[in-house]
Amino acid sequence: MDLTRFFADVDAQPWADLHHAYGSAADIPDCLRALAGESEEAASEAISELYGSILHQGSVYEATARAVPYLARLAGAGYRTEDLLVLLGGIAEGGADDGDSDEAACRAAVVGQLPLILAKADAEDPGLRRAAAWAAAMTGAAEQVLPVLRLRGKTETDPLVRAELLGALAHLDPSGTAAAATAAIGADEPGEVRIVALLACVDGGLPWGPAHHAAMLSLLPVNDLVEGRLDLERNEPLQYVVEELLRRDTDADRDAAYTLLDGALRSADSEARAEALWAAETACLLSRSAPERLAGAVEAMVADPADAPAAYSLLAKLGVRAAAAAPVLARLAAGEGDPADRALEALVAVAPDRAAPLLARELGRRPRALGAACGFLGGGAAGTSFPYDAALLDAIRARLGADGLDTGEVIRLALLLGAWGSRASAALPELRSALPGAPKAVPKALVAICQPEHREASAELLTAAARTGPVDGRLAAAVAVRELTGETGPLSAAVADRLAPGDSAVQEAARLAAELGPEAAGLVPALRSVLSGAEGERNSPQLDADVEIAVALWRITGDPEEAVPVLAGVLAEAEPTWMRWTLGRAAGAAARIGEAARPLVPALEGLLDDRVQVPSVVLALRAIAPESLDGPRTAALLLEAVEQDDDAVTALEALVALGPAALGPDHHRRLTALAERDLRVRASGLEPGIAPADERLREQAREAARILT
């Protein structure tokens with residue numbers, strides 16, 4: 001290749017006017033030059049930079065498509081060929097098959113280089129053959145690619161290349177590759193080929209039978225068998241198979257998944273058990289029946305105390321169903337240092353009654369377990385709290401009196417005390433003393449544990465904190481005073497102090513002003529002064545604050561004429577992708593105002609095309625203009641929102657609000673499925689909270705089905 005002419009062509013492109021992940025693509029020519037240079041180090045750095053810029057975390061850009069022909073020409077000329085084929089495959093994988101988007105342009109650009117890519121399928125170097133097979137498959141161009149790869153598969157002998165070819169064929173034609181995959185799971189094939197064949201059987205929709213089960217167990221541990229593969233989606237095969245079987249959502253496939261997991265968890269190989277533990281954790285996040293189905297293997301997980309730490313995360317997900325592990329965890333928790341803390345952390349979930357006295361014994365040296373005990377407050381069913389324990393109460397009191405406590409620990413201790421309510425009243429002196437250390441968290445706990453005879457003294461302390469305490473805790477202290485005594489003067493004063501332009505607490509202060517209602521009439525000028533206005537681009541905190549201010553003005557004055565235009569501005573300006581919760585808050589505010597917010601109806605109706613916004617918008621329209629809603633169509637939109645976990649709690653509330661007349665037989669079937677199916681509806685968020693949140697949603701769906709029947 002004539003590099004002079006090549007780079008003249010490169011330099012003629014308008015790179016500075018094109019964009020990638022970091023802005024201008026003016027750096028692309030330098031990367032291409034480094035790839036063609038003599039320095040291996042510089043070429044490696046260029047590859048890394050290209051992954052960061054034109055294929056950033058799988059995303060592609062307008063500059064990506066423009067770069068594809070030049071990357072392909074360098075690969076064809078022998079410059080970093082394997083690396084560039086893989087990069088081209090990644091670009092195709094991040095692309096799309098149709099439309100006029102950057103993604104579609106990128107995939108089309110790589111498809112245009114298929115003659116070069118497919119030519120490398122017969123290269124002498126097996127690494128090039130593997131890269132070519134994967135890159136070609138990622139284009140999705142089955143008609144062009146399948147014949148070439150099938151032909152190559154007839155003569156290929158290298159196990160890793162055969163595995164990549166089989167994976168590529170399964171990607172392009174899952175059902176058509178199923179027969180070949182079935183033939184390749186036998187013990188006479190290399191392990192690298194067998195494991196990819198098992199994955200292909202799953203992708204092809206084949207039933208998971210005894211032969212598949214036996215083959216997978218015989219191959220464990222399997223992660224090393226796919227370590228060199230380019231398919232990162234299936235780089236943990238046991239986890240992938242279990243997940244795909246569970247997603248089929250049939251009794252037979254669930255039985256197959258849990259039988260496989262049970263066998264893997266009981267494996268004599270520690271690496272196999274480690275892979276099984278991760279797959280089992282995935283099952284717990286995906287399947288409602290997982291904790292019960294996996295409970296039988298718990299004793300096997302902790303049979304050797306030396307292996308038990310690897311199971312802690314799974315045991316926490318199984319919770320009380322893993323009670324068989326409690327004796328081992330308790331013995332380990334009685335040890336020293338972080339290992340004991342981790343064991344106690346797991347015991348908090350598995351047997352909280354047994355964990356409480358152990359936590360009391362070593363409270364200051366068990367931060368993980370203390371955090372888990374506080375997480376217990378929001379992780380279980382509604383109304384649950386970490387078990388009250390007199391020894392733990394004494395330990396908390398002593399700990400609050402210790403020197404050098406950080407704010408985080410004070411907050412966690414206050415949470416525990418608050419959850420215990422009046423049973424923790426003995427800790428009132430220590431909690432009062434801790435107020436300066438956690439001024440936002442302690443007031444609520446003080447209210448929760450304060451007995452009637454101590455309310456006056458506690459209110460005096462909190463009143464002083466609301467006036468002269470740490471600024472970030474004054475609102476919390478004033479709220480606590482109102483709850484203890486009914487007095488609102490300290491709260492009005494604290495709110496007024498935070499209603500200042502640029503104050504980080506404007507949104508919270510406005511919300512509290514709304515709670516005060518007409519009593520806060522004196523705050524109206526201050527509320528108006530902190531409206532962000534419509535000039536310039538506003539960010540989410542500003543728009544969120546404006547929503548709360550609008551509600552406050554309406555609640556205080558009783559006049560919606562000032563609030564409705566503010567909400568209209570928020571609905572017009574908030575960007576749906578990045579400000580979904582802002583739009584939801586605005587819709588919720590409109591719902592509270594009711595019929596007087598009718599000018600907002602067109603803007604709200606426009607949001608019904610966005611599934612994420614449907615639940616809050618439906619509630620708003622039902623409150624403002626119920627005649628604008630088509631019952632059956634609206635019910636279908638709400639059910640889809642629940643099924644996709646888009647503000648599912650609000651969606652079920654809106655569905656109940658629509659009433660039985662809006663639901664037909666299909667709606668009832670879908671609602672029943674949401675309540676009774678095995679696959680979790682809630683599948684996002686922090687891991688410890690996914691299953692409990694899904695269980696609460698399941699109960700909500702059951703109650704909705706009962707009401708709407």
Practice item. Keeping to residues at least two apart or across chains, list the side chain to side chain donor-acceptor pair (under 3.5 Å) pairs with something in residues 163-181. Key: Arg150-Asp173, Glu164-Arg229
Practice item. Enumerate the residue pairs fulfilling ring-ring contact (aromatic ring centres under 6.0 Å, His included) with a member in residues 315-358, sequence neighbours excluded, ordered by first and then second residue. Key: none
Review point. Is Arg247 paired with Glu243 through a side-chain N to carboxylate O contact shorter than 4.0 Å?
Key: yes
Review point. Can a donor-acceptor pair be found between the side chains of Asp203 and Tyr240 at a distance below 3.5 Å?
Key: yes
Practice item. Using side-chain contact (heavy atoms from CB on, under 4.5 Å) as the criterion, list what pairs up with Ala316, not counting sequence neighbours. Key: Ala349
**Study point:** Check: Leu679 and Ser287 side chains under 4.5 Å, non-hydrogen atoms
**Key:** no
Point to revise | Beyond-backbone contact of Glu189 with Arg162, side-chain heavy atoms, under 4.5 angstrom | key: yes
Point to revise | Partner residues of Tyr51 under the side chain to side chain donor-acceptor pair (under 3.5 Å) criterion, sequence neighbours left out | key: none
Exercise for review: For Val612, check side-chain contact (heavy atoms from CB on, under 4.5 Å) against everything at least two apart and list the hits.
Suggested key: Arg580, Asp610, Asp646
Review point. Would Lys317 and Glu281 pass as an ion pair if we require N to O under 4.0 Å?
Key: yes
Practice item. With sequence neighbours excluded, give me every side chain to side chain donor-acceptor pair (under 3.5 Å) pair touching residues 322-341. Key: Asp338-Arg368
Point to revise | Salt-bridge present (Arg702, Glu676; N to O < 4.0 Å) | key: yes
Review point. Taking atom types as modelled and ignoring hydrogens, do the side chains of Tyr388 and Arg423 form a donor-acceptor contact shorter than 3.5 angstrom?
Key: no
